[in-house]
Amino acid sequence: MKKSGILMIVGSALLLGLFYFPLWNITLGAPQYPEPLGMDIYISGIEGKSEFDIQNIDGLNHYIGMKKIPKPEEMWEFNIFPLVIGGMAALGILLGILGFFKKISPHWFFGWFVLMLVLGVLGMYDFNIWLLDYGTDLDPKAIIKLTDADGNPISYKPPLFGSQKILNFTAHSYPRLGAWLMFAGMFLTLFAWWVGKRSVRPKSNL
Amino acid sequence: MKKLNSILAVAIFSLIMVSCGNNNESKRSGGAMSSNVAEKVYVAPGEHDEYYAFLSGGYSGNLTVYGLPSGRMLKEIPVFSQFPTNGYGYSEETTPMLETSFGFIPWGDAHHPDISQTNGELDGRWVFINENNTPRIARISLEYFETEEIIEIPHSAGNHSSSFVTENTEYVVAGTRFSVPYPQEDIAIDQMKGNFKGPLTFIAVDENGGMSIDFQLKMPGFNYDLSHPGRGDSHGWFFFTTYNTEEAHTLQEVNASQNDKDFIAAVNWKKIQEYVRNGGGEEIDANYAHNVFNHSTQTATTTMMNKVLTVDPRDVEGAVFFMPTPKSPHGCDVDPSGEYIIGNGKLSTDLTIHSFSKMLKAIENKDFDGDAYGIPVLNFDATLAGVVKDGGLGPLHTEFDDKGNAYTTFFISSEVVKWKLGTWEVLDRQPSFYSVGHNMIPGGNSRKPDGKYMVSLNKITKDRYLPTGPELEHSAQLYDISGEKMELLLDFPTHGEPHYAAGIHADKIKANSKKIYRLDENKHEHATLNESETRVERNGNEVHVYMTMVRSHFAPDNIEGIKVGDKVYFHVTNLEQDFDVPHGFAMIGANNSELLIMPGQTKTTTWEPTKVGVWPFYCTDFCSALHQEMQGYIRVSPKGSSQELKWSLD
């Protein structure tokens, strides 16, 4: 149970990487932007990949009537996400310590994993709603108004995951180091549960 | 006169020979080798050149930037001439750059760019370049590729033997090509001999590049033609070629060509520096402009200076010597080791090479051959290291590679000649098209040349390109010098008359090149950093428009209340912070240039409306998809109209 407790502590501590590294990244490359513009999405706000990228993305987006990229104070998510991640990391570390001293069953680890998975999916869902709103709720006085074959305004929503062409830009949306640390951490907690189960079972048989 | 005739005869003969040779050459160069040659200069679309080459723009007054080996022109940097393309010398911010003690001068004659050095190697911080006509030295930033400073050289005339820098950029020098009364006075021209002087000015460069005249060496009234610094062991010395030691004042082509030998002046500047630091020299009246462009305020200022420290070379023991050098030497070049000083005797077929170590010995032994105005003349044989015999006709300039070879240009026989330092043996020769002046090897005048390419900068173009009427651009050729034999790779036109050039590996510069001007560092007095701060203010008949530009509109774009007789100042700030998104500003009927304003920049132009009406202005740079819409109107009412100032952007 010691080993699985350590794995649980390490796994949930990896979530803390999200406070330092971006969760997600969207880059926008175009013929005129051989060095793509990019946004690093942190749990507490959005930053340009290069210093003036946000300003320049906003500048370009005004042609199609997009809203400006939100500042941290303009989205409740950027206040809540750090609390959720910090809370889950603390909870995971606490469970790991209790597990290390055999105070609790490893199934608590699995419980933590499931809760984290649900919160993660909710987070992604919320992120996608924001992207959809950002890409479709356009200023009616937009300079450039393009419609699809059926005459409906086209969506400028960047993909949640993957690459997609939007007018002259190609948007690439992929997880970054913070997310990879989180995935690795979650995998470790699942592994902790499995290791814990194996170490507990023979003992209970004795 | 007889001698001159024979030289001309040889020259004409050799021209005939060369032109015959050329025909054969051009036939040969079209063969199977040409695809191989093409590969050597081919820089694929989107790829970058390996070297920057900074070519003097000559009588364009500017500096052009080329890439090598492609020979593509990358930029023209305005230096001594007004440049309507971006408003340099027209905008309120930059007109002070062209101020002199003679007033505003819209033009200059740029000659010899030289890149700053540290420990004898090119460091890529700045390029210096001299103006020959109204003596000045400019310093150009290699972060912004902009002229940052211009200092006028008082008491000088024909600032030709400059702007060469010492091994650690301690000094940039400015020598006088036309001897003149020093200081200027009303004197009969035929009283020249003995009365005119040839001051050599040493300009100290501080760590931020700031230039200030440290001292002026009051030399005899010869013509100081070209110069180069010592390096390695000879660091601390500067060498200047002279002609017209005859001190002729008329028909100089004949009268200044009578002495068999003129001099190379060897100047121990370290000694003189020490002398002036210990209070030596005499402060005399002078009148010169010192113009500095401040990147923070984006504005140039002119400071008029009124004193200069002059040093009589005879007052500093062991500081200045003359080395006799045959045939009116032109180029004065020092090899990478600093041991050899090459005098390119332009009226002969030979090169004279002096040895620095032998020179020191001759000085120690007082092996003098008399003096000139009290300055010791060293014995010719005592300093002579060797002679390159029959290199060609009319040697002008020599550059060096990293393998102990030298490359000399021959103007009359129109060729570049490779020879070996030490053995003085001619190894190879290649024609130039035509009548080459300077040549340039990147780093070729430093301790560490890059012996890969050489550029010849030619004075005559004739038939090299599609004909474009009587007036032609000059031509340059690129040679591969990495092998035993030189190979002609490329021929490309250049702008103005690029006397000399300076080349440097791109890696030393490209990472430092700025992409934008930062708005948060814009301390321009009239900057408008936010659209909400745009406004129009009247002060008598002066109207100041504080305007911003961003894709794709001006703010404000409608202005009313301007009257005939007003003087309107447009202070225009480009709010972009994105690489390569300039906006232009042009006002109908403005007796001025446009403004080309890069991201984060503020520039000011003036307009004095003379006609009542509604007059448009627009963006001159196709900045964006909505560029055509980037426009505005100004209503001009009659003088004395009661129309109030109004402005808007809706």
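Just so we're on the same page: letters track the sequence lines, and every chain starts at 1. These numbers were taken from a predicted model, which means no experiment stands behind them.
Applying the 6.0 Å contact sphere to CZ of A:Phe127 captures more than 12 heavy atoms from other residues, nucleotides or ligands. Annotation for A:Phe191: atom CZ does not count as buried by contact number, only 12 or fewer foreign heavy atoms lying within 6.0 Å. By the 6.0 Å contact criterion, CZ on A:Phe19 is enclosed, its count of non-hydrogen atoms from other residues, nucleotides or ligands being greater than 12.
At a heavy-atom separation below 4.5 angstrom, chain B is approached by no residue within residues 82-98 of chain A.
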No hydrogens needed, just list the donor-acceptor pairs between chain B and chain A under 3.5 Å.
from, atom 1, to, atom 2, distance (Å)
B:Lys515, NZ, A:Glu35, OE1, 3.1
B:Lys515, NZ, A:Glu35, OE2, 3.2
B:Arg518, NH1, A:Glu51, OE1, 2.5
B:Arg518, NH1, A:Glu51, OE2, 3.3
B:Arg518, NH2, A:Glu51, OE1, 3.4
B:Arg518, NH2, A:Glu51, OE2, 2.5
B:Arg551, NH1, A:Tyr33, OH, 3.3
B:Ser552, OG, A:Tyr63, OH, 2.6
B:Gln577, O, A:Asn56, ND2, 3.4
B:Asp578, OD2, A:Tyr33, OH, 2.3
B:Ser624, OG, A:Tyr63, OH, 3.4

